[in-house]
Amino acid sequence: MSETRSVAQVYHVELGPRSYDIHIEPGCLDDLGQAMGKLFASPTRCMVISNVTIAPLYMQRLRDSLESAGWHVSECILADGERYKTIETLGFIMDALMDAKLSRNEPVIALGGGVVGDMTGFAASCYRRGIPFIQVPTTVLAQVDSSVGGKTAINHPHGKNMIGAFYQPKLVWVDSMVLNTLEPREVKAGIAEAVKYGLIRDAVFFDWMNSNMAAAIDLDADVLSKIIHTSCRHKAEVVMADETEQGLRALLNLGHTFGHAIESMTHYSTYLHGEAVAMGTLMAARLSEQLGFAEPGIESQIRVCYEAAGLPVDVPAFHADAWLDAMGHDKKNVGSRIRYILLRNIGEAFLAENVAPDAIRQLIDSYQSVH
Ligand code: NAD
Ligand code: GLY
């Protein structure tokens, strides 16, 4: 443990029998084994699921921590990338769990970003009808968003995250120091998901992010700490109020209806998730202005913020039919309607159920789509 280590902060996600803590502390990766003593009567077997990029960086440290606390550790190492968030990879994880003979009370630990976390959580929800799982998020995006809240999933060729479950972790263990090895582009994509909390429910945080963006993408420890803490607090509050997305939680999907379409139309190979969400958010802001829900100027305010973060802001050109088709497959739709999260103001989002397809065509036309 480093002597310069900051004080740990814990946020409790109260969900009755599915409650858990989010523990945030720089350097805490080395302490997970010890912490698991509070969750499990005695250490037995566990499996760490990670990928070929992250495992060489952090698996040994995590393994040392677990083994020194008495755990017998097996590993399951996945290929790296969103394109492997598939049913085939899920099968690979299931084979590993069967081979390791994990019983119903023995945990899996997701060591990775949102892809590893979403897949591990889904595997944990299915294997033996549900085993405990722990999130050790290693990307900005996973530390500010995906590791909290229990959305787990894999992709289907017809759409992203189409096969999944709400399945809460037993613990989220956040060590911001592991972010130091992350590619700068990944840092920026994660920042987009943190900005989202400002846009939907915290205008003060949005302004603060704007003022501190250079330090944020430079991973300044104090700025990063505030971003992770504020994001986890917001995420926990939203999940506690609406665990299974009956209302409030849908607001966290700001930018995602358009963003998922961008990812799908570009075959998940051009933009990172957070980048697509950033462009999707700009589209949602423009639509909010176009429909008269927001005063003109919101889109440009958000654009300035994303530009400072080095995020892409030029929405790719596709025909309106391609957009509508791609969004028609979005799992958040109810019946044939497409739901949009729109903005009334910075810090105030709402769910719009009945946006006419013509309004979407007008929006797409405003980007002068050509093909
Ligand atoms: P990711 O998991 O693909 O990680 C990004 C890249 O960074 C990968 O190449 C990974 O190997 C690498 N990496 C991870 N940690 C590293 C580290 N510490 N050092 C060096 N490299 C590291 O991407 P992501 O942005 O973390 O997650 C995106 C996924 O999260 C998408 O599939 C998205 O659907 C999902 N998501 C889920 C939720 C949710 O609530 N469950 C929310 C938002 C996004
Ligand atoms: N990231 C969206 C949600 O957790 O609901």
Side-chain angles (χ1 to χ4, degrees), residues 13 29 49-59 61-62 77-86 89 110-122 125 133 135-155 159-169 172 174-194 196-197 200 219 231-232 234-239 241-257 259-260 263-264 268 271-278 331-332 341:
V13 185
L29 182 68
I49 302 181
S50 191
N51 77 18
V52 293
T53 306
I54 303 152
L57 296 167
Y58 300 111
M59 181 65 84
R61 273 177 61 195
L62 186 52
I77 309 299
L78 312 178
D80 184 1
E82 180 76 33
R83 68 185 179 285
Y84 296 107
K85 196 177 167 184
T86 59
T89 306
L111 174 68
V115 170
V116 168
D118 279 15
M119 280 195 295
T120 301
F122 187 45
S125 78
F133 94 105
Q135 289 273 19
V136 183
T138 65
T139 61
V140 174
L141 182 140
Q143 295 194 353
V144 302
D145 186 357
S146 67
S147 64
V148 177
K151 277 191 180 177
T152 72
I154 54 173
N155 298 333
K160 196 172 155 60
N161 296 332
M162 280 287 174
I163 303 166
F166 285 101
Y167 192 69
Q168 302 293 343
V172 181
V174 182
D175 177 356
S176 58
M177 287 172 78
V178 303
L179 302 178
N180 290 327
T181 49
L182 203 54
E183 292 290 336
R185 187 178 167 202
E186 296 286 355
V187 172
K188 294 168 187 169
I191 295 288
E193 295 279 18
K196 184 180 73 180
Y197 298 107
I200 63 173
L219 295 179
S231 300
C232 285
H234 280 301
K235 183 84 190 249
E237 282 173 9
V238 171
V239 169
D242 179 19
E243 182 183 7
T244 56
E245 201 173 303
Q246 304 305 307
L248 178 70
R249 186 166 180 171
L251 302 185
L252 294 176
N253 296 322
L254 175 67
H256 283 61
T257 303
H260 282 179
E263 287 184 277
S264 150
Y268 302 100
Y271 300 105
L272 301 177
H273 176 72
E275 293 174 337
V277 166
K331 69 182 183 316
K332 295 183 290 300
I341 311 303

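Predicted model, so just to flag it, every value in this text is computed and none were measured. Order of listing sets the numbers, starting from 1, for every ligand and every atom in it.
Distances from atom 5 (C) of ligand 1 to the heavy atoms of E186, H273, E263, Q143 put E186 nearest. Residue D145 holds the heavy atom nearest to atom 1 (N) of ligand 2 of all those in L252, L251, D145, V144. Closest heavy-atom approach to atom 14 (C) of ligand 1 among the candidates T139, V144, I154: T139. Among N180, V140, L182, L252, the residue whose heavy atom lies closest to atom 22 (C) of ligand 1 is L182.
A donor-acceptor pair under 3.5 Å is formed between the side chain of T89 and the backbone N or O of Y84. Judged purely by atom type and a 3.5 angstrom limit, D242 uses its side chain to pair as donor or acceptor with the backbone of L248. Side chain of K85 to backbone of N155: no donor-acceptor contact under 3.5 angstrom is found. With hydrogens and angles disregarded, no donor-acceptor distance shorter than 3.5 Å links the side chain of Q135 to the backbone of A110. Side chain of S50 to backbone of L111: a donor-acceptor contact under 3.5 angstrom is found. No donor-acceptor pair under 3.5 Å is formed between the side chain of Y167 and the backbone N or O of F133. With R249 contributing its side chain and E243 its backbone, the two residues share a donor-acceptor pair below 3.5 Å. Checked by atom type and distance alone, the side chain of E275 never pairs as donor or acceptor with a backbone atom of A189 at under 3.5 Å. Of the possible polar contacts, one joining the Q246 side chain to the T244 backbone as a donor-acceptor pair under 3.5 Å is found.
In terms of polar-atom proximity, N51 is counted as a contact of ligand 1, with an N or O under 3.5 Å from an N or O of the ligand. Any N or O atom pair closer than 3.5 Å counts here, and R249 shares no such pair with ligand 1. Close N/O approach between K235 and ligand 2 is found [any backbone or side-chain N/O within under 3.5 Å]. Considering backbone and side-chain atoms together, G114 places an N or O closer than 3.5 Å to an N or O of ligand 1. Considering backbone and side-chain N/O of L141, none are found under 3.5 Å from N/O of ligand 1. Looking at ligand 1, you'll find an N or O of T138 within less than 3.5 Å of one of its N or O atoms. An N or O contact shorter than 3.5 Å is missing between H256 and ligand 2 by distance. In terms of polar-atom proximity, defined here as any N/O pair under 3.5 Å, T181 does make such a contact with ligand 1. For E82, a nitrogen or oxygen atom sits less than 3.5 Å from a nitrogen or oxygen atom of ligand 1, counting backbone and side chain alike. When only interatomic distances are considered, the shortest N/O to N/O separation between V115 and ligand 1 falls below 3.5 Å. Geometrically, ligand 1 and D80 share a nitrogen or oxygen pair separated by less than 3.5 Å.
The two residues L254 and I341 make their nearest non-hydrogen contact at CD1-O, 3.5 Å.
Using a 30° and 60° split on the angle between ring planes, H260 and H273 fall in the tilted class, from 30° to 60°.
Contact annotation for L179 and ligand 1: no heavy atom of the residue comes within less than 4.0 Å of the ligand. Contact annotation for L57 and ligand 1: only side-chain heavy atoms (C-beta onward) come within less than 4.0 Å of the ligand.
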Carefully, step by step, assess E263 and H256 under the rule side chain to side chain contact (heavy atoms under 4.5 Å, CB included).
CA-CA 10 Å; E263 287 184 277; H256 283 61; over 6 Å; no
Would you please test V140 and L182 for side chain to side chain contact (heavy atoms under 4.5 Å, CB included) and show each step?
CA-CA 9 Å; V140 174; L182 203 54; 4.1 Å; yes
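Scanning the protein heavy atoms around atom 37 (C) of ligand 1, the nearest turns out to be D118 OD2, 3.2 Å. Of the protein's non-hydrogen atoms, S146 CB, 3.2 Å is the one closest to atom 38 (C) of ligand 1. In this structure, the protein non-hydrogen atom closest to atom 43 (C) of ligand 1 is D145 OD2, 3.6 Å.
Each of the following atoms of ligand 1 lies closer than 4.0 Å to a heavy atom of V178: 17 (C), 18 (N). Taking every heavy atom of K85 and a limit of under 4.0 angstrom, the matching atoms of ligand 1 come to 31 (C), 32 (O), 33 (C), 34 (O), 35 (C). Atom numbering of ligand 1 starts at 1 in the shown order; those under 4.0 Å from a heavy atom of Y58 are 18 (N).
The closest approach between a heavy atom of K160 and any atom of ligand 1 is below 4.0 Å. Look at K235 and you'll find a heavy atom under 4.0 Å from some atom of ligand 1.
The distance from the NE2 atom of H234 to the CG atom of L252 is 10.5 Å, given to the nearest 0.5 Å.
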